[in-house]
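This report concerns only the one structure given below.
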Amino acid sequence: MSEKQQTAISPRREEDFPEWYQQVIRAADLAENSEVRGCMVIKPWGYALWERMQAVLDGMFKATGHKNAYFPLFIPLSYLEKEAAHVEGFAKECAVVTHHRLELRDGKLVPAGELSEPLVVRPTSETIIGAAYARWVKSWRDLPILLNQWANVVRWEMRPRLFLRTAEFLWQEGHTAHETRAEAEEETMKMLRVYETFARDFLAVPVLCGEKSEGERFPGAERTYCIEAMVQDRKAIQAGTSHFLGQNFSKAAGIQFQSREGQLEHAWTTSWGVSTRLIGTLIMMHSDDDGLVVPPRIAATHVVIVPITPKDDSKAAILEAAENLASSLRSVAFHGAPLGVEVDSRDLGGGVKNWEWIKKGVPIRIEIGPRDLAQGTAAVARRDKGPKEKEFVPLAEIPQRATAMLEEIQATLLQRATQFRDANMVKIDTKEDFYKFFTPQNAAKPEIHGGFALTHWNGSTKIEEQIKTDLKVTIRCIPFDESLEPGTCPFSGEPSRQRVVWAKSY
RNA sequence: CGGGGCGUAGCUUAGCUUGGUAGAGCGCCUGGUUUGGGACCAGGAGGUCGGAGGUUCAAAUCCUCUCGCCCCGACCA
């Protein structure tokens, strides 16, 4: 290559963020668009991220008393009709199965055998799980039911985007039923905190916790809570939600039980979920102009060893040293599991291999060449630092230093993300400043905008809608506690109890 | 679903206005030289020009329809 590229990913983030995002996914070999519109193929490197997320979250769900189960993909159309708000929320994006057979006519397969009742491919499972709970619950002694399912769901989206918005996506949905309102409310909040902890401690994603405004609420929920993150184009992304469903779905599905007092009562239910969108969040949160950056605690591969073998006579010794280092690294525990280590012994130039792993975001890259071997060292590079920053570390010290290094990377990523968010989150007290804040600095790149704005708000949905129309900005959440301070809503002049978070969102 | 842009090899694309049957760079394969920063030389594979109709002696190029992608709007995890 005559002219070396400045960065591995082109365009860079500030040039064209959406395109950069696509290129990172391709460079890291995470996923690709499928031949079916809106659907994606998640490739091994991307799926490994999901598997790690599943493993960690599943452990957290079990630790909070939940068990896994599985409910059908197909939901009778009539089930969806039972909850009015739910219908309104999901009807527009449902895939519907109407036939159960194909027949060959004039050389073409055509659907045949029309179903007596169409089946909806689940966009979410409240209704069908509700129906099951209705069968299972008779007495207060049957409660609570604390279940989770790992599944795919389908929402026929208009504008799909890899990981962020696809027609089919993978997620987990927790569904619980409780004896009392208080217990269900507690569950809703508990799981929100699980998500917050997971995002912060594993994904190095700092999130704001709060409640959704009425306009942003889950269809059918009494209250929706969320964790909200700011990615590098300063937009907000909802990374997880937890819903207090009140008795809406138990009334719709008939989840009734006899109480301790002998009364027939409706159960109180919750649901909560995170999806493969977390992968998109992760990408937009930490990746740079050289590609993906994977936080160590969610990485399946923590360390890659790249043998540099310029000469045949030293090749065998270098490969052996690399394998030896790999096995001693694999005996190191990182948060209770062995380190994931790969040795890239492919017969390619060192530069080529290095850049591949940089683009894939492996936290630690170790190069061993003839010079290292002679000195008993290896060149160690961290993904949170520049691609050319390398530290020469004695081979024997590498395993013992690896975990500390990974912890440092993890901490750095969280710190960077937090600083970025805080630097782009401002309190605003006048309508004029607010509109100014959300007006793009450069009309040619409208995706780069102010960030998060904290303002007072009188609670009016009308105001929220007006601002959405004017600026495409919405209330991302009404944060808990810290923002409780009386003030004046800059849009209405009316009194307000607290500030809310406004932003453009994914 | 509305507005705009774009579909030529795995990727980036030239050619299209002025129709004559496809070219490049990167990547890939083979051999060799190489290897601590995405290397070089030589040879090679790979395209029904998104798809379907139409106009024409002749279509990547002109016309119609259609599908897909990207951006904006509406919607969402």
Side-chain angles (χ1 to χ4, degrees), chain A residues 1-8 10 16-19 21-23 26-27 29 32-38 88-93 123-124 153-173 195 212 215-216 218-219 224 226-228 237-243 271-281 290-291 306-312 314-315 318 346-359 365-373 377-379 381 386-390 392 440 443-447 468-469 472 474 505-506:
Chain A
M1 207 177 273
S2 57
E3 249 178 77
K4 280 177 192 169
Q5 287 176 271
Q6 294 286 307
T7 56
S10 170
D16 186 344
F17 196 84
E19 181 61 21
Y21 175 76
Q22 303 278 121
Q23 295 303 330
R26 187 157 68 186
D29 208 24
E32 61 187 29
N33 276 311
S34 102
E35 42 280 83
V36 182
R37 183 191 151 76
E88 210 181 309
F90 287 106
K92 281 168 284 181
E93 50 190 35
T124 179
V153 286
V154 169
R155 295 179 188 176
W156 214 259
E157 294 292 347
M158 296 306 177
R159 276 180 60 194
R161 204 146 187 257
L162 285 171
F163 291 118
L164 300 174
R165 200 188 302 106
T166 47
E168 179 191 12
F169 58 95
L170 306 180
W171 78 347
Q172 63 62 217
E173 46 180 326
Y195 290 152
K212 284 294 186 191
E216 298 282 321
F218 175 77
T224 287
C226 63
I227 55 170
E228 206 75 27
I237 186 162
Q238 181 174 309
T241 49
S242 186
H243 313 292
S271 68
W272 28 274
V274 296
S275 71
T276 36
R277 177 179 253 200
L278 283 176
I279 298 173
T281 306
D290 287 325
V306 181
I308 309 288
T309 55
K311 293 184 178 108
D312 279 346
S314 58
K315 194 169 178 177
I318 290 166
R346 291 174 302 165
D347 187 22
L348 289 171
V352 176
K353 289 198 280 191
N354 270 325
W355 280 105
E356 224 170 89
W357 293 109
I358 290 169
K359 287 186 280 192
R365 226 168 62 247
I366 301 176
E367 299 166 39
I368 304 182
R371 292 209 292 276
D372 296 307
L373 202 60
T377 63
K388 287 177 182 171
E389 281 183 58
K390 288 185 286 194
F392 291 88
K445 296 188 283 187
E447 73 279 2
K468 189 173 178 180
T469 307
K472 298 156 223 155
T474 50
S505 73
Y506 275 97

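All chains are named by letter (A, B, ...) in the order of the sequence lines, taking the proteins before the strands, and each is independently numbered beginning at 1.
- Pair check for B:rC1 finds B:rG73; Watson-Crick or G-U wobble, both atom distances under 3.5 Å.
- When each of B:rC76, B:rU35, B:rG36 is scored by its nearest atom to the side-chain atoms of A:Pro310, the top-ranked nucleotide is B:rU35.
- Comparing B:rG7 with B:rG15, their C1' atoms are spaced 15 Å from each other, to the whole Å.
- Nearest to the side-chain atoms of A:Ala379 among the listed nucleotides B:rA77, B:rG36, B:rC76 stands B:rG36.
- Checked for salt-bridge contact, A:Glu356 and A:Arg365 miss the test: no charged N lies under 4.0 Å from a carboxylate O.
- Rounded to whole Å, the C1' atom of B:rG19 lies 30 Å from the corresponding atom of B:rA45.
- For the P atoms, the distance linking B:rC63 with B:rC16 amounts to 15 Å, nearest Å.
- Shown here, B:rC65 forms a base pair with B:rG51; the pair counts as Watson-Crick or G-U wobble because both key distances fall under 3.5 Å.
- Here the side chain of A:Thr241 is nearest to one of B:rG36, B:rC75, B:rA77, namely B:rA77.
- Of the P atoms belonging to B:rC69 and B:rG50, the separation is 16 Å, rounded to the nearest Å.
- Candidate nucleotides B:rC76, B:rC70, B:rA77 were compared by shortest atom distance to the side chain of A:Ser275, and B:rA77 ranks first.
- Both A:Pro160 and A:Lys468 lie close to RNA chain B; mapped to their nearest nucleotides by heavy-atom distance, the more 5′-ward contact belongs to A:Pro160.
- Applying the 4.0 Å criterion to OP1 and OP2 of B:rU34, one finds that A:Lys315 has every side-chain N and O outside that range.
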All N/O contacts under 3.5 Å from nucleotides 5-11 of chain B to the protein, with atom names and distances to one decimal?
from, atom 1, to, atom 2, distance (Å)
B:rC11, O3', A:Arg26, NH1, 3.2
B:rC11, O3', A:Arg26, NH2, 3.1

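- Looking at the side chain of A:Asn33, the nearest of the listed nucleotides B:rU34, B:rC70, B:rA77 is B:rC70.
- Pairing for B:rU56 is absent, judged as Watson-Crick or G-U wobble with the two contacts each under 3.5 Å.
- Ring centroids of A:Phe90 and A:Phe218 are separated by less than 6.0 Å, placing the two rings close together.
- Set against B:rG36, B:rA77, B:rU35, the side chain of A:Phe392 has B:rG36 as its closest nucleotide.
- Comparing B:rC75, B:rC70, B:rA39 by their closest approach to the side chain of A:Val352 singles out B:rA39.
- With distances taken from any side-chain atom of A:Arg155 to the nucleotides B:rA77, B:rU35, B:rG36, the minimum falls on B:rA77.
- Counting only heavy atoms from C-beta on, A:Glu367 has its side chain closest to B:rG36 among B:rC71, B:rG36, B:rA77.
- With rounding to the nearest 0.5 Å, the separation of CD1 in A:Ile308 from CG in A:Leu373 is 12.5 Å.
- Between A:Arg161 and the phosphate of B:rC71, there is a side-chain N or O to OP1/OP2 separation shorter than 4.0 Å.
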